[in-house]
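Have a look at the structure below before the remarks.
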Amino acid sequence: MGFSTVAIHAGNEPDSATGAVSVPIYQTSTFAQDALGEHKGYEYARTQNPTRAALEKNIAALEGADFGFAFASGMAATDAVLKLVKAGDHVLLGDNTYGGTYRLFDKVLSRQGIEFDLVDSTDALNVEQGMKPNTKMVFVETPTNPLMSVTDLKAVSEISHAHGAVVVCDNTFMSSYLQRPIEHGVDIVVHSTTKYMNGHSDSVGGFVALNDEKNAEWIGFVQNSIGAILSPFDSFLVLRGTKTLAVRMERHDLNGRAVANFLAEHPAVSEVYYPGLTSHPQHELAKRQQDGFGGMVSFETGSLENAKKVLENVKLLTLAESLGGVESLISHPATMTHAAVPFETRQKLGITDGLVRVSVGIEDAEDLIADLDQALSA
Ligand code: P1T
């Protein structure tokens with residue numbers, strides 16, 4: 001079955017009690033039991049909830065995974081995956097991830113004895129060279145936030161598996177529509193569903209999808225033990241969101257390409273980071289690995305002053321953190337999403353004070369381009 005058919009039908013069977021076509025929001029904390037030890041598969045809503053179960057089935061199907069778990073945020077999903085490693089284990093972390101992911105490793109996981117090194121995974125050889133005897137996991141984002149660097153998932157998976165390490169890919173920037181990491185050998189997919197999967201900037205959530213039964217059992221155990229579950233209402237919203245994922249992503253992709261092409265020609269912009277541009281260093285890989293290039297575009301304005309000018313002069317685009325919603329957002333990675341990344345690392349990667357990031361929405365591309373044009377010329 002095609003992607004949209006799966007998106008609309010997986011997990012979305014009519015409600016067994018009422019026939020409701022749309023999965024109801026089971027807003028309950030507990031479930032009546034017929035007798036001691038006899039119940040309908042639901043006991044307590046942290047452990048199982050029908051609305052969440054429907055979403056878990058839905059996104060797992062979209063990612064081509066046997067198992068899926070919905071969490072209260074993208075960070076909660078990432079943290080749950082990191083419960084697969086223990087004190088003394090080593091993780092190779094992509095050197096450009098969402099700032100919050102770096103912060104989790106740097107400030108929280110390292111206190112618990114989990115070792116990590118940053119790796120430029122755009123060259124798979126760096127992953128090979130970064131391996132240590134205690135490396136148990138390789139965690140990458142592709143394309144990365146905010147520099148849109150692309151990692152060869154097949155190559156990194158082969159290297160990691162040869163060393164016995166599990167490979168995790170944060171698929172937030174592409175969504176399940178534009179990229180399915182498991183098809184390329186990745187073991188575990190993480191999403192911030194806050195972004196494209198929900199798509200309407202009205203829910204915070206996260207997701208973990210995987211095939212390995214033993215690891216899935218542990219992630220489910222962790223989900224219930226720690227309790228960072230997605231609420232029934234948020235599960236409903238994301239389930240509603242994925243029904244239109246394909247059509248939304250087609251438009252994000254079209255608009256992303258149009259905005260990137262416009263910026264690439266603009267005299268006030270010295271560099272555009274977008275895998276769809278032929279000038280992007282991993283353009284060929286992105287073409288092969290992804291089903292499109294998406295709606296995230298970053299660009300260099302040269303200075304904090306220039307960046308501020310653009311951020312403060314846009315009228316249609318909204319200055320805000322986050323991404324992946326129908327409305328276009330604009331942000332300043334160095335002081336917003338990536339403030340937790342040390343200054344030297346930011347400089348080395350190219351997250352400069354002049355860097356601006358746009359989450360290109362699904363408005364009319366001409367209006368977005370006109371707004372950026374007037375802000376750049378202000
Ligand atoms: O915000 P939350 O749902 O917890 O997701 C965290 C997260 C994980 N992975 C990626 C690639 C992300 O971009 C994010 C969150 N990012 C933003 C809020 C942002 O504006 O970039």
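Indexing begins at 1, ligand by ligand and atom by atom, following the structure's order. Reckoned from all heavy atoms, side chains included, excluding hydrogens, waters and symmetry mates.
- Ligand 1 has a nitrogen or oxygen under 3.5 angstrom from a nitrogen or oxygen of T194.
- Between Y177 and F3, the two ring planes are perpendicular [angle over 60°; tilted spans 30° to 60°].
- Checking only distances, G74 does come within under 3.5 Å of ligand 1, N or O to N or O.
- Listed by number with element, the atoms of ligand 1 under 4.0 Å from a non-hydrogen atom of S192 are 2 (P), 3 (O), 5 (O), 7 (C), 8 (C).
- In this structure, R357 counts as a contact residue of ligand 1, since one of its heavy atoms falls inside 4.0 Å of the ligand.
- The single protein non-hydrogen atom nearest to atom 19 (C) of ligand 1 is T337 CG2, 3.2 Å, given as residue, atom name and distance.
- Looking only at heavy atoms of the protein, atom 13 (O) of ligand 1 is closest to N145 ND2, 3.0 Å.
- Among protein heavy atoms, atom 8 (C) of ligand 1 sits closest to D170 OD2, 3.5 Å.
- Between F293 and H283, a ring centre-to-centre spacing shorter than 6.0 Å is recorded.
- Checked for salt-bridge contact, K348 and D120 miss the test: no charged N lies under 4.0 Å from a carboxylate O.
- Classification of E13 and K57 as a salt-bridged pair holds, one side-chain N sitting under 4.0 Å from a carboxylate O.
- At least one heavy atom of S322 sits less than 4.0 Å from an atom of ligand 1.
- Using a cut-off of 4.0 Å between Lys/Arg side-chain N and Asp/Glu carboxylate O, R180 and D291 are scored as salt-bridged.
- Residues H200 and E327 bring no donor and acceptor atom of their side chains to less than 3.5 Å of each other.
- For the ligand labelled ligand 1, residue G205 lies inside the 4.0 Å heavy-atom shell.
- The protein heavy atom nearest to atom 7 (C) of ligand 1 is Y98 CD2, 3.4 Å.
- Here is the list of ligand 1 atoms found below 4.0 Å of a heavy atom in L323: 13 (O), 19 (C), 21 (O).
- Relative ring orientation between F69 and F71 is described as tilted, the plane-to-plane angle lying within the 30° to 60° band.
- In E305, the CD atom is not crowded: 12 or fewer heavy atoms of neighbouring residues, nucleotides or ligands sit closer than 6.0 Å.
- Of the listed residues (N261, L263, N255, L277), just one forms a side chain to side chain contact (heavy atoms under 4.5 Å, CB included) with V297, and that residue is L263.
- Of all atoms in ligand 1, listed by their number and element, those nearer than 4.0 Å to a heavy atom of S73 are 3 (O), 4 (O).
- Remark: ligand 1 and V204 share no N or O pair separated by less than 3.5 Å (distance only, no angle test).
- Nearest to atom 18 (C) of ligand 1 among the protein's heavy atoms is K195 NZ, 3.5 Å.
- The contact set between ligand 1 and E141, taken as ligand atoms under 4.0 Å from a residue heavy atom, comprises 11 (C).
- With respect to N96, the side chain to side chain donor-acceptor pair (under 3.5 Å) criterion is satisfied by exactly one of T345, T144, T122, N145: T144.
- The closest approach between a heavy atom of M336 and any atom of ligand 1 is not below 4.0 Å.
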